[in-house]
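First comes the structure, then the notes that go with it.
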Amino acid sequence: MITGVGSYLPKNKFSNESLSNFVDTSDEWISKRSGIKNRHFVEDNENTSDMAFFAANKALENAQISKNDIDLIVLATTTPDNTFPSTATLVQKKLEINAVSFDIQAVCAGFIFALSVAKSMMIEGMYKNCLVIGADAMSKLLDWKDRSTSVLFGDGAGAIILQKFENIESKYDDWGILSNIIHSDGQFYNLLKTTGGVSTSQKVGFIEMEGKEVFKHAIDKLSTSLDEALKNSNKNIDELDWLVPHQANQRIILAVADKMKIDVSKVISTVKDHGNTSAASIPLALDNAIASNKILNGNLIGLHAIGGGLSWGASIIRIGTPKIL
Ligand code: ACO
């Protein structure tokens, strides 16, 4: 079951206007093309592990469990503190706990992939309390001379606590992650990537993207994966209380809502406030919607995301725990 959610945004906030002081752009262009108004960037001494640590602590607090109960940390990121070891092990160190910890990398789809991996490991039976984190400092991959990408991204982190309760009644089967579907297709590798990497240039590189192509794939693949996840959980779109999409672009969010025939009032959108935070975007939006009393304990929620790879996927979750209903 999903017993706690937490998130973190760096203090440094940049509006479209402030960005236009060093990028050849305007509030009008960014707002119209993406719906983004603000994004947050880490400070020089603030790293992905710091954001992940803050989000993890909030999730632990909200789940009301001790950090010592966590036995697994799965952290999705594209912007690790170091090339190795994993950022997850650094979060584990900062939390001062013992837990199997590792990173996974599926760019903007990272959180859905992390959920899938964590769920499988918990079903296998070895782990009971898992911290699933999405954290990215995308500002470190931005080329300020490329206005078509640098205006779209932001930094942040989000986390959830997954707990396995044994010997509970079967009527509680309909809680937690009901289904999870993930896909990847490397034939689209070049549509969204960095200009370098450890084994090619020994530099992390900058983001480059074929925006129009990514836009089309996003609408198609976000819709089909949500459909698949709904079928796998024997639910239909009308049963969803909320859809929490990857927060990349308001136009993509609206186009998918239209295609899936889900009322936009049921779609959580926070992209305006933090831009595309990659692996952090879904748990950030989830936490935001819980804090503003939109998402309530027991709500049925669809999640879906797409990113470089291309990698994409969707989950159907029932959030919270039956005991406090
Ligand atoms: N400010 C001002 N003008 C700009 C900017 C900017 N920041 N960026 C591009 N332009 C100009 C271009 O130079 C071009 O000018 P021209 O007509 O004189 O040549 C004009 O705006 C139109 O550019 P396009 O690239 O055609 O703009 P488009 O309508 O395709 O919008 C965008 C670009 C927003 C990137 C769009 O393609 C998109 O949303 N793609 C989806 C990508 C996305 O969200 N990716 C996130 C990561 S993947 C994921 O998470 C889904």
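Remember, it's 1-based here, ligands and their atoms both numbered in the order they're listed.
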Exercise. Regarding K266 and the six-membered ring of W242, is the cationic atom NZ or CZ under 6.0 Å from the ring centre and inside 45° of its axis?
Worked result: no
Exercise. For ligand 1, is I30 a contact, meaning one of its heavy atoms is under 4.0 Å away?
Worked result: no
Problem set entry | Residue-ligand contact S148/ligand 1, heavy atom below 4.0 Å | yes
For this session: Let me see the working for D136 and T277 under side chain to side chain donor-acceptor pair (under 3.5 Å), right down to the final yes or no.
Result: CA-CA 6 Å; D136 266 312; T277 56; over 6 Å; no
Exercise. Taking atom types as modelled and ignoring hydrogens, do the side chains of T149 and D146 form a donor-acceptor contact shorter than 3.5 angstrom?
Worked result: yes
Please determine whether the number of non-hydrogen atoms from other residues, nucleotides or ligands lying under 6.0 Å from atom [atom1] of [X] exceeds 12.
X: K128; atom1: NZ; value: no
X: K259; atom1: NZ; value: yes
X: Y189; atom1: OH; value: no

Problem set entry | Which segment of T149 sits under 4.0 Å of ligand 1 when only heavy atoms are counted | neither
Problem set entry | V214 contact mode with ligand 1 (heavy-atom cut-off under 4.0 Å) | side chain
Using a strict 4.0 Å cut-off to heavy atoms of [X], name the atoms of ligand 1 that fall inside it.
X: T25; answer: 1 (N), 2 (C), 6 (C), 7 (N)
X: A248; answer: 44 (O), 49 (C), 50 (O), 51 (C)
X: V151; answer: 7 (N)
X: L192; answer: 47 (C), 48 (S)
X: C108; answer: 50 (O)
X: N249; answer: 38 (C), 39 (O), 44 (O)

For this session: Please confirm whether S26 comes within less than 3.5 Å of ligand 1 when only nitrogen or oxygen atoms on both sides are compared.
Result: no
For this session: Looking only at protein heavy atoms, identify the closest one to atom 49 (C) of ligand 1 and say how far it is in Å.
Result: I306 O, 3.6 Å
Problem set entry | Protein contact to atom 41 (C) of ligand 1 [nearest heavy atom, distance to 0.1 Å] | G211 O, 3.6 Å
Closest candidate by heavy atom, reference [atom], pool [options]:
atom: atom 5 (C) of ligand 1; options: W312, F215, F153, W29; answer: W29
atom: atom 25 (O) of ligand 1; options: K216, K221, K212; answer: K212
atom: atom 31 (O) of ligand 1; options: R33, Q247, Q250, M209; answer: R33

Problem set entry | Protein non-hydrogen atom found under 4.0 Å from atom 18 (O) of ligand 1 | no
Exercise. Heavy atoms of the protein only: does one fall short of 4.0 Å from atom 14 (C) of ligand 1?
Worked result: no
For this session: Apply side chain to side chain donor-acceptor pair (under 3.5 Å) to the pair S15 and N38, showing each step before the final yes or no.
Result: CA-CA 4 Å; S15 65; N38 292 293; 4.7 Å; no
